[in-house]
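Just so you know, these numbers use all the heavy atoms, side chains as well, and skip hydrogens, waters and symmetry mates. All values reported here derive from a predicted model rather than from experimental measurement.
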Amino acid sequence: MLEKENSMPKILVTGGAGYIGSHTTLALCEAGYEVVVYDNLSTGKAEAVLPPARLVVGDLAQTEALDRLMTKEKFSAVLHFAGSIVVPESVENPLKYYMNNTNNTTELIRLAVKNAIPRFVFSSTAAVYGMPDTAAVTEDSPTKPINPYGRTKLMSEWVIEDTAAAHADFSFVILRYFNVAGADPKGRIGQSTPDATHLIKVASQAALGRRDALHIFGTDYDTPDGTCIRDYIHVSDLAAAHVLALGHLEAGNPAGIFNCGYGHGYSVRDIVSAVKEASGVDFPVIESPRRAGDPPALISDPTRIRATMNWKPAHDDIHAIALSAYRWEMRL
Ligand SMILES: NC(=O)c1ccc[n+]([C@@H]2O[C@H](COP(=O)([O-])OP(=O)(O)OC[C@H]3O[C@@H](n4cnc5c(N)ncnc54)[C@H](O)[C@@H]3O)[C@@H](O)[C@H]2O)c1
């Protein structure tokens with residue numbers, strides 16, 4: 001806390017022009033941090049980086065530029081969001097994912113250690129759990145990713161853990177996100193990627209006529225209505241979890257891995273209903289065959305983050321999530 005009062009800690013946010021990074025940048029600025037975003041704008045948007053945060057346009061692979069930035073700015077932490085995130089693309093083009101996720105994360109960690117940046121917060125994913133045997137997964141559930149995307153993120157986790165084990169002055173929080181959805185409730189930012197695959201975003205696009213229909217992939221799962229169940233977390237609650245994670249490390253607490261979800265789920269049909277209600281549009285829905293690799297249900301056990309960081313979600317309401325996503329989509 002003393003450090004915070006004397007001078008605002010300066011945070012490097014990679015991928016801060018993207019969906020989750022921009023919401024977290026906003027939350028960090030509101031909490032009084034100074035934020036520098038480093039982003040190549042491959043999927044992110046410069047206008048998503050709201051002042052007073054500063055945007056430096058650059059690629060993680062430009063390690064010399066990144067090194068110079070770290071040397072100049074003297075960051076107290078790195079929050080690492082930048083990466084490639086589309087699962088089917090990772091199957092078709094795995095090397096893109098190993099390069100951008102695993103390699104670039106490894107380089108970023110190398111530079112953080114070199115520049116004596118003591119804290120690292122990493123965007124991981126429920127995809128590291130693969131097809132879990134139980135619906136609600138804890139951080140100790142087996143990690144068995146079933147696609148290159150999940151594997152590149154799990155490998156990044158290992159690099160972080162092994163680095164921290166070898167360097168006493170490097171600590172981390174790994175956050176494993178479940179299904180991130182919604183937009184800033186004040187409407188300042190939202191998810192802008194045009195070809196996003198996230199269900200609530202795609203349903204909002206269908207409601208606005210930007211897609212002909214919404215596909216439900218699989219209606220014969222062993223779930224109450226036959227469609228897959230997921231744990232949807234509002235992006236602003238996730239952003240708040242990052243601010244807590246940073247405070248957790250600043251207070252000298254141990255490194256750790258934390259699930260980020262609400263601990264309960266909604267089916268695809270529930271989501272379709274929520275977006276139809278939010279939009280007032282009865283958009284067409286096409287029932288399609290299952291996709292490979294979709295577990296019937298994937299729900300977090302968020303006990304650890306609640307108990308350790310006192311994380312209290314403020315937006316655990318699927319109708320509010322759908323409404324914020326739809327309102328943002330209308331503005332695009
Ligand atoms: N969206 C989800 O539901 C979800 C779920 C689990 C985990 N995650 C993780 O959260 C992180 C952020 O995801 P998002 O949904 O905000 O995606 P996004 O595509 O909106 O954001 C990623 C950002 O990183 C930037 N970027 C990508 N490669 C870069 C590079 N080489 N150099 C510099 N910048 C680069 C992009 O321009 C973009 O601004 C990712 O690491 C992703 O794996 C997302």
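- In this structure, Lys276 forms a cation-pi arrangement with Phe283, its terminal cationic atom sitting closer than 6.0 Å to the ring centre and no more than 45° off the ring axis.
- When all heavy atoms of Ser204 and Val275 are compared, the pair lying nearest together is N-CG1, 3.8 Å.
- A salt bridge links Glu329 with Lys201: the closest approach of a Lys/Arg side-chain nitrogen to an acidic carboxylate oxygen falls below 4.0 angstrom.
- Glu34 places none of its side-chain heavy atoms less than 4.5 Å from the side chain of Ile11.
- For the residue pair His80/Thr105, the side-chain donor-acceptor check at 3.5 Å is satisfied.
- For Ile146, the side chain to side chain contact (heavy atoms under 4.5 Å, CB included) criterion is met by Met131, not counting sequence neighbours.
- Heavy atoms only, all atoms of each residue included: Pro295 and Gly130 are closest at CG-O, 3.7 Å.
- Ser124 and Glu157 are linked by a side-chain donor-acceptor pair at a separation below 3.5 angstrom, with hydrogens and angles left out of the test.
- Of the possible polar contacts, none joining the Asn101 side chain to the Lys153 backbone as a donor-acceptor pair under 3.5 Å is found.
- Going from atom CD1 of Ile20 over to atom NE2 of His242 covers 7.0 Å, rounded to the nearest 0.5 Å.
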If you apply the rule side-chain hydrogen bond (donor to acceptor under 3.5 Å, both in side chains), what do you find for Thr71 with Asn115, and how did you get there?
CA-CA 6 Å; Thr71 309; Asn115 286 282; 3.1 Å; yes
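- At a threshold of 4.5 Å between side-chain heavy atoms, the hydrophobic network of Ile, Leu, Val, Met, Phe, Trp and Tyr places Tyr266 and Leu214 in one connected group.
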Acceptor/donor pairs from residues 161-173 side chains to any protein atom, 3.5 angstrom cut, sequence neighbours excluded:
unit_1, atom_1, unit_2, atom_2, d
Thr163, OG1, Val159, O, 2.6

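- For Asp237 (side chain) and His315 (main-chain N/O), a donor-acceptor pair under 3.5 Å exists by modelled atom type.
- At a threshold of 4.5 Å between non-hydrogen side-chain atoms, the residues Lys144 and Tyr129 do not count as touching.
- Listed for the Asp59 side chain is no donor-acceptor partner under 3.5 Å among the backbone atoms of Asn40.
- Of all the heavy atoms in Gly15 and Ala82, the pair that sits closest is N-CB, 3.6 Å.
- Residues Tyr33 and Leu244 fall within the same hydrophobic cluster, defined by Ile, Leu, Val, Met, Phe, Trp and Tyr side chains chained together at heavy-atom separations under 4.5 Å.
- The structure places CE of Met330 at 9.5 Å from CZ of Arg210, a figure rounded to the nearest 0.5 Å.
- Using a 4.5 Å heavy-atom cutoff, the side chains of Thr125 and Phe178 are not in contact.
- Proximity of Phe122 to Leu175: side-chain heavy atoms (C-beta onward) are nowhere separated by under 4.5 Å.
- A salt bridge links Asp140 to Arg304: one of the charged nitrogens lies within less than 4.0 Å of a carboxylate oxygen.
- Cluster partners of Ile85, using a side-chain heavy-atom cutoff of under 4.5 Å among ILVMFWY residues and allowing indirect links, are Val86, Val87, Tyr97, Tyr149.
- Nearest heavy-atom pair, Thr25 versus Ala53, reported as atom, atom and distance to 0.1 Å: CG2-CB, 3.4 Å.
- Note on ring orientation: taking the six-membered ring where Trp is involved, the planes of Phe81 and Tyr177 are tilted (angle from 30° to 60°).
- You'll find the side chain of Ser90 stays beyond 4.5 Å of the side chain of Ser84, heavy atoms only.
- Looking at heavy atoms from C-beta onward, Leu69 lies in side-chain contact with Leu12 at the 4.5 angstrom threshold.
- In this structure, NE2 on His234 lies 10.0 Å from CD1 on Ile318, to the nearest 0.5 angstrom.
- Taking the charged nitrogens against the carboxylate oxygens, Arg68 and Glu73 have no contact shorter than 4.0 Å, which rules out a salt bridge.
- Under the 3.5 Å distance criterion, the side-chain polar atoms of His23 are matched with a main-chain donor or acceptor of Asp184.
- Checking Thr138 against Asn259 by side-chain atom types alone, no donor-acceptor pair falls below 3.5 Å.
- Going from atom CG of Leu298 over to atom SG of Cys228 covers 9.5 Å, rounded to the nearest 0.5 Å.
- Taking hydrophobic clusters as Ile, Leu, Val, Met, Phe, Trp and Tyr residues chained together by side-chain heavy-atom distances below 4.5 Å, Leu154 does not share a cluster with Ile257.
- Salt bridge annotation for Glu47-Arg188: absent, with no cationic side-chain nitrogen under 4.0 angstrom from a carboxylate oxygen.
- Between His215 and Phe217, the angle of the ring planes stays under 30°, which puts this pair in the parallel group of the 30/60° scheme.
- Ser267 and Asp270 are linked by a side-chain donor-acceptor pair at a separation below 3.5 angstrom, with hydrogens and angles left out of the test.
- Here the side chains of Leu108 and Met70 are in contact, with some heavy-atom distance below 4.5 Å.
- With contacts defined as side-chain heavy-atom distances shorter than 4.5 Å, the pair Tyr232/Val180 does not qualify.
- With rounding to the nearest 0.5 angstrom, the OG1 atom of Thr63 is 5.5 Å from the CD atom of Glu107.
- Taking every heavy atom of both residues into account, Thr223 and Pro296 meet most closely at CG2-O, 3.9 Å.
- The backbone N or O of Pro254 sits less than 3.5 Å from a side-chain atom of His248, completing a donor-acceptor pair.
- Here the NZ-CG distance, from Lys72 to Asp67, works out to 13.5 Å after rounding to the nearest 0.5 Å.
- Aromatic ring pairs are classed by plane angle as parallel below 30°, tilted from 30° to 60° and perpendicular above 60°; the pair Tyr262 and His264 is parallel.
- The heavy-atom pair separating Ala241 from Ile305 by the smallest distance is CB-CD1, 4.0 Å.
- Checked by atom type and distance alone, the side chain of Trp328 pairs as donor or acceptor with a backbone atom of Gln191 at under 3.5 Å.
- Within the 3.5 Å criterion, the main-chain N or O of Val137 finds no donor-acceptor partner in the side chain of Thr134.
- In the hydrophobic cluster analysis, where Ile, Leu, Val, Met, Phe, Trp and Tyr join through side-chain heavy atoms closer than 4.5 angstrom, Tyr221 is grouped apart from Val268.
- Side-chain atoms of Thr219 do not come within 3.5 Å of backbone N or O of Gly226 as any donor-acceptor pair.
- One hydrophobic cluster, built from ILVMFWY side chains closer than 4.5 Å, cannot hold both Ile233 and Val128; they sit in different ones.
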